[in-house]
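Report on the structure given below.
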Protein chains: 2
Amino acid sequence: MPTISDVAKLTGLSKTTISRVINNHQYVSEEKRALVLKAMQELGYTPNPAARRLRGQSTTTIGVIVPRIVNPFFSYLVNTIETAAYEKGYQVIISQSNEDAEKELAFLQLLKTKQVDGIIMTAIENEWSVIEPFLAYGPIMLCNEYITNANVPIVRLNQQKGAYIGVKHLIDRGHHKIAYCTGGLFAEDGKDKDRNHGFQKALKEADIAVNTKWIFLNQYSIEDGKKVMNQIMAMDERPTAIFTGSDEIAAGMMIEAKKHGLKIPEDMAIIGFDDQPIAEMLEPQLTTIRQPVEKMGELAVAILVDMLDDTSLKVQEHELPIELVIRKTT
Amino acid sequence: MPTISDVAKLTGLSKTTISRVINNHQYVSEEKRALVLKAMQELGYTPNPAARRLRGQSTTTIGVIVPRIVNPFFSYLVNTIETAAYEKGYQVIISQSNEDAEKELAFLQLLKTKQVDGIIMTAIENEWSVIEPFLAYGPIMLCNEYITNANVPIVRLNQQKGAYIGVKHLIDRGHHKIAYCTGGLFAEDGKDKDRNHGFQKALKEADIAVNTKWIFLNQYSIEDGKKVMNQIMAMDERPTAIFTGSDEIAAGMMIEAKKHGLKIPEDMAIIGFDDQPIAEMLEPQLTTIRQPVEKMGELAVAILVDMLDDTSLKVQEHELPIELVIRKTT
DNA sequence: CTTATATAAGAAATCGATTTCATATATAGT
DNA sequence: ACTATATATGAAATCGATTTCTTATATAAG
């Protein structure tokens, strides 16, 4: 690997001048600049990022934490983040937190040790008080999941509205017995809390009391959906509609409901969340709440890069629109 | 951020001794070792990776290239790679090649500039002659996609067998008019070539001539599947069965076939590839070829890390089993 | 009792860039 | 013509680790 000294030697100039050319500093004559550029080309020279980082320069790398990449919502989010980052000249380091606070913490260390310039968190496992100290080492921003009084940029959706319009839609279709199956066990803040509020608000407006037997929390996967549906099938009094926290839960429920001979939506209406590709592939096609994943990812990268360029930037918060996509399961 | 000098100052020892403790070198007294460890703890000291890299140490980072992360096959692969890497103390940098040779090349630069210790390629966009020179800067290995005479470790599946057993299964079900819809335009090597051979072998054994009208190459997504199905519907003479290169193509075809009122498998048998979660969610459930993604990812990481630990290791090639999962579309 | 070897620790060089400081020349302003 | 400023370049310090040389002591061998 050629180094900056090799370029200096070949051109007969000093390392300083080479560095100036690399970093587009002023006060380099056109003549020398061309000479240096040519020599760099010739040698196939690339600046060593480790050396640049050591001097406190940027790593042009951003870190992204997702709960699990196999969840399509997050793989789509990572897709847009990676693409947007690449366009801005950044690499992406990925970690799956897997609901593991330890692993999340290990990842935040990358910021401390300057392996990443900044971090996008799409889920939060640790207490904010644990995460906050890392802000001293670089920007952290929240995308998707959020915490109300964290003084960091947030790109999020109006989750309360999402749940509200979904449940409202079920009520409009004449349902009174509505089950609720979503993630977040004791959600005291953020996405799940807001969804809970949206759910409650819609019911309250229609004067429907919450039946706690039909509340299923901490549910995430297809398997979870199947299990819950089986629990519901075993009940004396069943709900007639289910609002779920993801298309995957909904899909699991549909598979199992069909096994039990239930007709959807006649015997059981189901509504998903996310509008993943599977929503269109299920039969019947799934009514769901669409989240603008692409916009979220792009915006998150744009904000993070802005913060990296200008550290004095003030904290922004963006709330993106969310909408109901009515298909055939309601 | 405390540095090694801070630890040295606090303990009253030299940087050299601190470094020895960090790297578990011999000839450090137990007494001093304990002292250093305590001081590191106290200061919350972590070695600066940029500095270590500059000295040519490992980056404990591996790079992974996938075509696109939103393809579930690859998001599952990345999942296992990331998990396995984390267990071995490695970070993962991800890039989507998006069928873009330029982007793949940009990613390989990370090896040259020591931002990653090694790279796992799950797809190949450039000519091997373009990729090979990068081997001088660190190990590259192939996982999933492969090139016959590249002298690098390969973890792959028996793709020929995969296509063969799939097509054979269709023939056993009595089909003679079999369409073939998969990726890879002019596959001269690797996965797609092998699949082509498997397809041809199965037909030949049953004395069935290939109908080129029913060959669709360079197809990947759900949308591609839909388009091809529409092309097939417009034909005078249609195939009665389709072998596809991914569950997604198959899913797209099923959606469109149903729109046209075709019954699956009676009017049209369809077989997928991958055994993604959607295979079970489609109606009817999709017959497909299962690929052991978890094993592939784990094995790839294990081999790469082995190579990093012991650079004299000889090149290995692993072929993992592949199997037919018969469901309801055939 | 001397010499060889194992153990223990530090000083200084090194990795490859950027940055600060110093210096030299050219141009502009008065 | 003389100072002030803009332009152009280089030498050396710096970032935070590891590594190579040294040196000093302790132990073992002859």
Side-chain angles (χ1 to χ4, degrees), chain A residues 1-37 39-40 43-61 89 109-117 137-138 308, chain B residues 1-37 39-40 43-61 109-117 137-138:
Chain A
M1 277 292 290
T3 71
I4 196 170
S5 300
D6 297 325
V7 182
K9 218 165 284 170
L10 182 63
T11 54
L13 296 166
S14 72
K15 291 191 297 173
T16 314
T17 304
I18 313 301
S19 176
R20 286 202 181 96
V21 173
I22 295 168
N23 297 285
N24 275 313
H25 282 168
Q26 53 180 359
Y27 302 149
V28 180
S29 66
E30 261 323 307
E31 176 203 358
K32 302 280 159 81
R33 181 185 303 281
L35 183 66
V36 171
L37 255 20
M40 296 200 322
L43 292 169
Y45 166 78
T46 331
N48 180 324
R52 307 184 93 174
R53 284 175 201 204
L54 187 54
R55 283 299 327 215
Q57 290 286 110
S58 86
T59 68
T60 65
T61 304
Q109 292 290 337
L110 297 189
L111 194 58
K112 196 171 170 187
T113 57
K114 282 193 190 142
Q115 300 202 66
V116 298
D117 290 337
Y137 308 111
L308 291 170
Chain B
M1 276 293 291
T3 73
I4 196 170
S5 300
D6 296 325
V7 182
K9 218 165 283 170
L10 182 61
T11 55
L13 297 165
S14 71
K15 291 192 297 174
T16 314
T17 303
I18 314 300
S19 175
R20 286 202 181 97
V21 172
I22 295 169
N23 297 285
N24 276 311
H25 283 168
Q26 52 180 359
Y27 302 150
V28 180
S29 65
E30 260 324 306
E31 178 204 358
K32 302 278 159 81
R33 180 183 305 278
L35 184 66
V36 171
L37 256 20
M40 296 199 326
L43 293 169
Y45 166 77
T46 332
N48 180 324
R52 307 184 93 174
R53 284 174 201 203
L54 187 54
R55 285 298 327 216
Q57 291 286 110
S58 87
T59 67
T60 64
T61 305
Q109 292 289 338
L110 298 188
L111 194 58
K112 196 172 170 186
T113 57
K114 282 192 191 144
Q115 298 201 69
V116 298
D117 291 336
Y137 309 111

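Note on naming: letters A, B, ... go to the chains in the order of the sequence lines (proteins, then strands), and numbering restarts at 1 for each one.
Using a 4.0 Å heavy-atom cutoff across all strands shown, A/L13 reaches sugar-phosphate atoms only and no base atom. Residue contacts for B/T46: at a heavy-atom cut-off of 4.0 Å it reaches the sugar-phosphate backbone alone, with no base atom in range. Across all strands shown, B/R20 has heavy atoms under 4.0 Å from base atoms, whether or not it also approaches the sugar-phosphate. Backbone-only contact: A/S29 has heavy atoms under 4.0 Å from sugar-phosphate atoms and none from a base. Across all strands, A/K32 comes closer than 4.0 Å only to sugar-phosphate atoms, never to a base (heavy-atom distances).
Of all heavy-atom pairs spanning B/K32 and B/V28, the tightest one is CB-CG1, 4.2 Å. Taking all atoms of both residues into account, the shortest heavy-atom contact from B/L111 to B/V116 is CD1-O, 3.6 Å. The minimum heavy-atom distance linking B/D117 with B/T60 is given by the pair OD2-N, 2.9 Å. Shown here for B/M1 and A/K112, the closest heavy-atom pair between the two residues is SD-CG, 3.3 Å.
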Inset, instruction - Would you sort out whether A/I22 and A/I4 count as a side-chain contact (heavy atoms from CB on, under 4.5 Å), showing the intermediate values? - result: CA-CA 10 Å; A/I22 295 168; A/I4 196 170; 4.1 Å; yes
Inset, instruction - Could you walk me through whether A/R20 and A/Y27 pass the side-chain contact (heavy atoms from CB on, under 4.5 Å) test, one step at a time? - result: CA-CA 8 Å; A/R20 286 202 181 96; A/Y27 302 149; 5.6 Å; no
Inset, instruction - Take A/R53 and A/T61 through the side-chain contact (heavy atoms from CB on, under 4.5 Å) test and state the conclusion after the steps. - result: CA-CA 11 Å; A/R53 284 175 201 204; A/T61 304; 3.5 Å; yes
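Distance CG/B/N23 to CD1/B/I18: 11.5 Å, rounded to 0.5 Å.
Take the nearest nucleotide of DNA chain C for B/T16 and for B/L54: the residue whose nucleotide is more 5' is B/T16. Where B/Q26 and A/K15 each meet DNA chain C at their nearest nucleotide, the meeting point lying more 5' is that of B/Q26.
The interatomic distance linking A/R55 (CZ) with D/dA12 (C1') rounds to 12 Å, in whole Å. Between A/L35 atom CG and D/dT9 atom P the separation is 10 Å, expressed in whole Å. Counting to the nearest Å, the P atom of D/dA11 and the CD1 atom of A/I4 are 13 Å from each other.
Extent of DNA chain C lying under 4.0 Å from chain A heavy atoms, first and last nucleotide in 5' to 3' order, is C/dG16 to C/dT20.
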Just list the side-chain donor-acceptor pairs under 3.5 Å for residues 6-17 of chain B, sequence neighbours left out, or say none.
from: B/D6; atom 1: OD2; to: B/T3; atom 2: N; distance (Å): 2.7
from: B/T11; atom 1: OG1; to: B/V7; atom 2: O; distance (Å): 2.8
from: B/T11; atom 1: OG1; to: B/A8; atom 2: O; distance (Å): 3.1
from: B/T11; atom 1: OG1; to: B/L13; atom 2: N; distance (Å): 3.3
from: B/S14; atom 1: OG; to: B/T16; atom 2: N; distance (Å): 3.4
from: B/S14; atom 1: OG; to: B/T17; atom 2: N; distance (Å): 3.3
from: B/S14; atom 1: OG; to: B/T17; atom 2: OG1; distance (Å): 3.4

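Taking the screw axis at each terminus of the helix from C/dC1-D/dG30 to C/dT30-D/dA1 from five consecutive base pairs, the angle between the two is 40° to within rounding of 10 degrees.
Residue A/T17 has no polar side-chain atom (N or O) positioned under 4.0 Å from OP1 or OP2 of D/dT9. Put simply, A/Y27 has no side-chain N or O that comes within less than 4.0 Å of OP1 or OP2 on D/dA8.
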